[in-house]
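Just below is one structure, and these are the notes that go with it.
When a ligand or atom number is given, it counts from 1 through the structure's own listing order.
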Amino acid sequence: MTGFLASVATLDEMALARTAGADIVDLKNPAEGALGAWALDDLRDAAALWRGWGDGAPSLSATIGDRPMIPDAVRAAAEAVAETGAPLVKLGVFRDGDAGACFEALRPLSRRAKLIAVFFADQGVDPALVEHAARAGFHGAMIDTADKTAGGLRSHIHTPALGRFVREARALGLLTGLAGSLRRTDVEELAALGPDYLGFRGALCDGGRTGAFSVEAARSLRAALDAQRAA
Ligand SMILES: O=C[C@H](O)COP(=O)(O)O
């Protein structure tokens with residue numbers, strides 16, 4: 001059963017995503033890149049709101065920002081986000097720098113926070129790095145796109161290769177996700193690959209990913225995912 005990750009830019013959008021039935025509410029500032037980060041004070045407010053939702057609430061993830069792969073900087077940013085109370089912390093595996101060294105630097109944090117390595121379809125996904133993330137204690141791995149102007153997930157990686165990623169990451173014990181300018185029309189084929197969740201931002205907004213969150217669009221994606229579950 002494939003879940004629904006909805007990226008949100010404000011506390012109001014967070015509540016709308018919950019209303020629309022998101023399984024993971026993903027705190028992200030789309031105006032600052034693929035994994036643009038919320039300010040730490042705002043993350044604390046969001047984590048407090050989320051705790052108040054209680055049992056049965058969607059899960060909560062937060063991004064650390066688009067950062068070069070410098071181990072100390074990535075570790076410090078991930079620790080700061082984890083300390084705000086967001087249970088899932090997403091960090092990008094960018095092509096620059098040493099991703100493996102970053103994973104090692106994050107090993108201690110992976111014991112107290114659920115870290116998600118976000119690989120980028122338009123920068124290449126190295127299976128050895130997926131395996132390294134699992135060995136370093138990461139909770140999950142997903143594929144997204146870094147450059148939101150250069151095509152969606154499926155223009156960079158064919159469906160069979162996405163299926164291979166899902167199977168191999170799951171075999172390593174990782175939670176798996178797919179994203180990257182996905183639309184409602186992508187849901188059937190991608191959900192059939194069995195990822196734990198599909199992630200959306202642009203498709204949830206009026207006027208592109210930095211536009212206003214549309215609860216109707218989010219409900220429509222929720223319905224599309226539910227239809228897959230029922231099939
Ligand atoms: O984590 C998922 C992303 O926020 C997806 O954003 P996008 O649909 O605009 O590519």
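- Of the listed residues (Arg209, Arg183, Met142), the one carrying the non-hydrogen atom nearest atom 9 (O) of ligand 1 is Arg209.
- In summary, the atoms of ligand 1 found under 4.0 Å from a heavy atom of Lys90, numbered by their order in the structure, are 1 (O).
- Using a cutoff of 4.0 Å between basic side-chain nitrogens and carboxylate oxygens, Asp96 and Arg67 are not scored as salt-bridged.
- The closest donor-acceptor contact from the side chain of Arg201 to the backbone of Arg209 lies under 3.5 Å.
- Of all atoms in ligand 1, listed by their number and element, those nearer than 4.0 Å to a heavy atom of Ser7 are 1 (O), 2 (C), 3 (C), 4 (O).
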### Evaluation steps, side-chain hydrogen bond (donor to acceptor under 3.5 Å, both in side chains), between Asp26 and Ser61
CA-CA 5 Å; Asp26 178 47; Ser61 64; 2.6 Å; yes
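- Ala17 and Val25 get closest at one heavy-atom pair: CB-CG2, 4.1 Å.
- Residue Ser181 has at least one heavy-atom neighbour below 4.0 Å for each of these atoms of ligand 1: 7 (P), 8 (O), 10 (O).
- Counting all heavy atoms, side chain and backbone alike, Phe119 lies closest to Val93 at CE2-CG1, 3.8 Å.
- When each atom of ligand 1 is checked for a heavy atom of Ala179 under 4.0 Å away, the hits are 2 (C).
- When non-hydrogen atoms are compared, ligand 1 lies under 4.0 Å from the side chain of Asp144 (C-beta onward) but not from its backbone.
- Taking 4.0 Å as the cut-off between side-chain N and carboxylate O, Arg107 and Glu104 count as a salt-bridged pair.
- Here's the thing with Lys148: one of its N/O atoms is less than 3.5 angstrom from an N/O atom of ligand 1.
- Side chain of Asp196 to backbone of Thr176: a donor-acceptor contact under 3.5 angstrom is found.
- Not one N or O of Ala203 is nearer than 3.5 Å to an N or O of ligand 1, by distance alone.
- Heavy atoms from both the backbone and the side chain of Arg201 come within less than 4.0 Å of ligand 1.
- Which parts of ligand 1 touch Leu5 is read off a 4.0 Å heavy-atom cut-off, strictly below it: atoms 1 (O), 2 (C).
- Taking the charged nitrogens against the carboxylate oxygens, Asp72 and Arg75 do have a contact shorter than 4.0 Å, which makes a salt bridge.
- Scanning the protein heavy atoms around atom 2 (C) of ligand 1, the nearest turns out to be Lys28 NZ, 3.4 Å.
- Remark: ligand 1 atoms within the under-4.0 Å shell around heavy atoms of Gly202 are 7 (P), 8 (O), 9 (O).
- Taking every non-hydrogen atom of Asp26 and a distance limit under 4.0 Å, the qualifying atoms of ligand 1 come out as 1 (O).
- Asp122 places a side-chain N or O within donor-acceptor distance of the main-chain N or O of Ala146, the cut-off being under 3.5 Å.
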